[in-house]
A.B. asks: 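Structure provided below as structure tokens; questions to follow.
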Amino acid sequence: MFPWYIVLLLLLFMFIIVMMTGLPIAFSFFLISIVGSLFFFGGEPGLRQITLNIYSSLSSFLLMPLPLFILMGEVMFQSGIAPKMIETLDKWMGKMPGRLGLLAVGGGVLFSMLTGATMGSVAMLGSTLVPEMEKRGYKKQMSLGPILGSGGLAVMIPPSAMAVFVGAVAQASIGRVLVAIVVPGLLMALLYGLYIVIHCKLQPSIAPPYTVPPIPLAEKLINTAKYVLPIGIIVFLVLGVILLGIATPSEAAATGTLGMILLAAAYGRLSWKVMKIAVIDTVKISGMLFLIIASATMYGQILGASGATRGLITFISVLALDPIFVIIGMVIVLLFFGMFMSPAATVLISVPMFMPIVQHLGFSRIWFAVIVILCTEIATTSPPFGSSLFIMKGVAPPDTTMGDIIKSALPYIYCDLVVLALIIAFPMVVLWLPGLIQ
């Protein structure tokens, strides 16, 4: 039998090689898991073990929120109810510095409460707000940056498909993970807003002020009641029922999805075509995510069967490092992986390897799951391969370079790192709200 570190390096090396062939993440992990099962479990017993692993990882009721949250977001995007929400927020902004940048942050928070898709949020905000910002003379770093930052809020404010995914891979309580990301997500939005206001105060030319026609208070209140307050109902149907102990995460996902469908119908934007596209897209995305979760479970069991997990824990214990430095080292690895791989691949490689160590060191699974989620959010805007960077390139004006987009994203990455540091230094930032669950 090979030493544990050789096995670990071989598994990582195999994954990198297979990924370089262009094979999708789920199938890459399945291939590695099949080879690993045959080697460590032996022939036919290994194949039987694979079958049992796939069944046990996908038959869990805890995974039910994943397709429901995806369907919820798809209904919102396909029905096109988002622009009215942005328009209503815009009427309340007045003559605040960086008005449209703040609108992007507010829109990002609203979209995050309705969908867990970062890419969809960036595309929606970018196509809606960037042309208006350019028209008003906003510099690129103020027209692109707030949207890149705010798009990432989709994974940090429930409902979040990534939170369900990470919770499933980490074998943590999905309901508590969903609740735990609320405070960090709102902190990120607050820091984005403060940065925009301070930057625009110090450098007014970056977001030139412009005349805003007066809007009657009655009109603003009516539009708020019509287009913004219903979001509060959706949020309660997803998050409130979990906090009050009324429903499980799966039941909350169902009530939230039903609420979104009824909201789209109330706005007169629900049709058979909208539902057909939303359901088809949900099946496609959910199918791939379920395959990824199944392969992640197999991958984690192979790490355990090979002795790699046990060897890594022993190695960390022998080093006698302060546990918090071990966590910081894991965060650095997560951020590094995220610069070159998709969030799903980063989670699949790291979480099965790191979670046994986290548990051995006595840290909360919920706390570390939120750290992983935030690291994957940072990865979506991190060069060179952050997915949000390329989506923004697609919706930005033709003269926008990738250098402009990366430069615009950096201040918001720094804000995310501040929140990450707060979570590591003060775990109660994450654990306080889940502690209130009945």
Side-chain angles (χ1 to χ4, degrees), residues 105 108-109 112-113 149-150 152-158 160 162-164 166-167 169-198 235 239-240 242-243 249 316 319-338 343 346-347 350-351 354-382 410-438:
V105 175
V109 173
S112 300
M113 294 176 178
S150 301
L153 294 175
V155 302
M156 291 303 298
I157 296 178
S160 166
M162 179 56 72
V164 177
V166 173
V169 176
Q171 298 181 351
S173 167
I174 291 174
R176 292 181 184 274
V177 172
L178 285 170
V179 172
I181 61 177
V182 172
V183 174
L186 294 178
L187 277 175
M188 288 162 59
L190 178 62
L191 285 180
Y192 295 164
L194 287 174
Y195 168 76
I196 291 169
V197 171
I198 294 171
V235 172
L239 192 60
I242 296 176
L243 273 172
I316 296 295
L319 288 178
L321 293 173
D322 189 300
I324 202 65
F325 288 115
V326 177
I327 297 297
I328 292 172
M330 293 178 183
V331 167
I332 293 172
V333 172
L334 285 166
L335 294 175
F336 178 76
F337 282 174
T346 301
V347 170
S350 59
V351 171
F354 289 163
M355 193 53 75
I357 299 172
V358 171
Q359 196 170 13
H360 175 75
L361 295 175
F363 291 110
S364 164
R365 282 179 176 266
I366 306 297
W367 174 72
F368 189 73
V370 174
I371 289 176
V372 173
I373 295 166
L374 180 50
C375 287
T376 63
E377 187 277 330
I378 295 172
T380 61
T381 51
S382 296
L410 289 178
Y412 300 90
I413 293 176
Y414 299 150
C415 290
D416 293 346
L417 292 174
V418 170
V419 175
L420 182 59
L422 286 173
I423 291 173
I424 294 174
F426 306 103
M428 286 308 294
V429 171
V430 167
L431 299 177
W432 169 72
L433 200 55
L436 301 179
I437 296 179
Q438 299 295 322

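Excluded from the calculations below are hydrogen atoms, water molecules and symmetry mates; all remaining heavy atoms, backbone and side chain alike, are included.
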A.B. asks: Tell me, with the steps shown, if Leu335 and Leu417 meet side chain to side chain contact (heavy atoms under 4.5 Å, CB included).
C.D. replies: CA-CA 10 Å; Leu335 294 175; Leu417 292 174; 4.1 Å; yes
A.B. asks: Starting at SG of Cys415, measure out to CD1 of Ile196 and round the result to the nearest 0.5 Å.
C.D. replies: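 Reported value, rounded in 0.5 Å steps: 8.5 Å.
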A.B. asks: If you compare all heavy atoms of Leu334 against all heavy atoms of Ser350, which two are closest, and at what distance to 0.1 Å?
C.D. replies: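 Result for this residue pair: CD2-OG, 3.0 Å.
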A.B. asks: Got a sec, which residues hit ring pair (Phe, Tyr, Trp, His ring centres under 6.0 Å) with Phe363, two or more places apart in sequence or on another chain?
C.D. replies: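 Trp367.
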A.B. asks: Evaluate the side-chain proximity of Leu420 to Cys375: yes if any heavy-atom separation is below 4.5 Å, no if none is.
C.D. replies: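 Cys375 reaches Leu420 side chain to side chain.
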A.B. asks: Using side-chain heavy atoms (C-beta onward) and a distance below 4.5 Å, is Ser150 in contact with Val109?
C.D. replies: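 They are not in side-chain contact.
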A.B. asks: Among residues at least two apart in sequence or on other chains, which ones pass side-chain contact (heavy atoms from CB on, under 4.5 Å) with Leu194?
C.D. replies: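 Result, side-chain contact (heavy atoms from CB on, under 4.5 Å) vs Leu194: Leu190.
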A.B. asks: Roughly how far apart are Thr346 OG1 and Phe336 CZ, rounded to 0.5 Å?
C.D. replies: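 The OG1 atom of Thr346 sits 11.0 Å away from the CZ atom of Phe336.
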A.B. asks: Return the minimal non-hydrogen interatomic distance between Glu377 and Gly149, and the atom names on each side.
C.D. replies: OE2-O, 4.0 Å
A.B. asks: Return the set of residues passing side-chain contact (heavy atoms from CB on, under 4.5 Å) with Ala163 (not counting sequence neighbours), or none when no residue passes.
C.D. replies: Ser160, Val177, Leu178, Ile181, Ile373
A.B. asks: State which residues pass side-chain contact (heavy atoms from CB on, under 4.5 Å) with Leu186; sequence neighbours excluded, sorted by chain then number.
C.D. replies: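 Only Ile157, Val182 meet the side-chain contact (heavy atoms from CB on, under 4.5 Å) criterion with Leu186.
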A.B. asks: Measuring from Ile413:CD1 to Ser382:OG, what's the distance to the nearest 0.5 Å?
C.D. replies: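 Rounded to the nearest 0.5 Å, the CD1-OG separation comes out at 4.0 Å.
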A.B. asks: Does any non-hydrogen side-chain atom of Val419 lie less than 4.5 Å from one of Val429?
C.D. replies: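 No, every pair of side-chain atoms sits at 4.5 Å or beyond.
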A.B. asks: Using every non-hydrogen atom in the two residues, find where Pro184 and Val430 come nearest and quote the distance to one decimal.
C.D. replies: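 Taking Pro184 first and Val430 second, the nearest heavy atoms are CG-CG2, 4.0 Å.
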A.B. asks: Checking Val326 now: which residues fulfil side-chain contact (heavy atoms from CB on, under 4.5 Å) with it, not counting sequence neighbours?
C.D. replies: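 Applying side-chain contact (heavy atoms from CB on, under 4.5 Å) to Val326 gives Ile316, Leu321, Met330, Ile357, Leu361.
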A.B. asks: Can you find a heavy atom in the side chain of Tyr412 that is under 4.5 Å from one in the side chain of Thr381?
C.D. replies: no
A.B. asks: With a 4.5 Å limit on heavy-atom distance, are the side chains of Met188 and Leu153 in contact?
C.D. replies: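 They are in contact (side-chain heavy atoms under 4.5 Å apart), so the answer is yes.
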A.B. asks: Does Tyr192 have any side-chain hydrogen bond (donor to acceptor under 3.5 Å, both in side chains) partners at least two apart in sequence or in another chain, and if so, which?
C.D. replies: Asp416
A.B. asks: Any side-chain heavy-atom pair from Val333 and Phe354 closer than 4.5 angstrom?
C.D. replies: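 When only atoms from C-beta onward are counted, Phe354 and Val333 do touch, with a gap below 4.5 Å.
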A.B. asks: Are side-chain heavy atoms of Ser364 and Leu431 found at a separation under 4.5 Å?
C.D. replies: yes
A.B. asks: Ring pair (Phe, Tyr, Trp, His ring centres under 6.0 Å) with Tyr414: which residues, sequence neighbours excluded?
C.D. replies: none
A.B. asks: Provide the full list of ring pair (Phe, Tyr, Trp, His ring centres under 6.0 Å) pairs with a residue in residues 417-437, sequence neighbours left out, each pair given once.
C.D. replies: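 The answer is none; no pair qualifies.
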A.B. asks: When you check the side-chain N and O atoms of Arg365 and Gln171, is any donor under 3.5 Å from an acceptor?
C.D. replies: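 Distance-only check fails for Arg365 and Gln171.
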A.B. asks: Could you state the interatomic distance from CG (Leu374) to CE (Met162), rounded to the nearest 0.5 Å?
C.D. replies: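 Answer rounded to 0.5 Å: 12.0 Å.
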A.B. asks: Determine whether Ile327 and Ile371 satisfy the following criterion, side chain to side chain contact (heavy atoms under 4.5 Å, CB included), listing intermediate values before the conclusion.
C.D. replies: CA-CA 10 Å; Ile327 297 297; Ile371 289 176; 4.3 Å; yes
A.B. asks: Shortest non-hydrogen contact from Pro434 to Arg176?
C.D. replies: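 Closest pair (atom of Pro434, atom of Arg176, distance): O-NH1, 2.8 Å.
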A.B. asks: Do any pairs count as a side chain to side chain donor-acceptor pair (under 3.5 Å) and have a residue in residues 321-333, sequence neighbours left out, and if so which ones?
C.D. replies: none
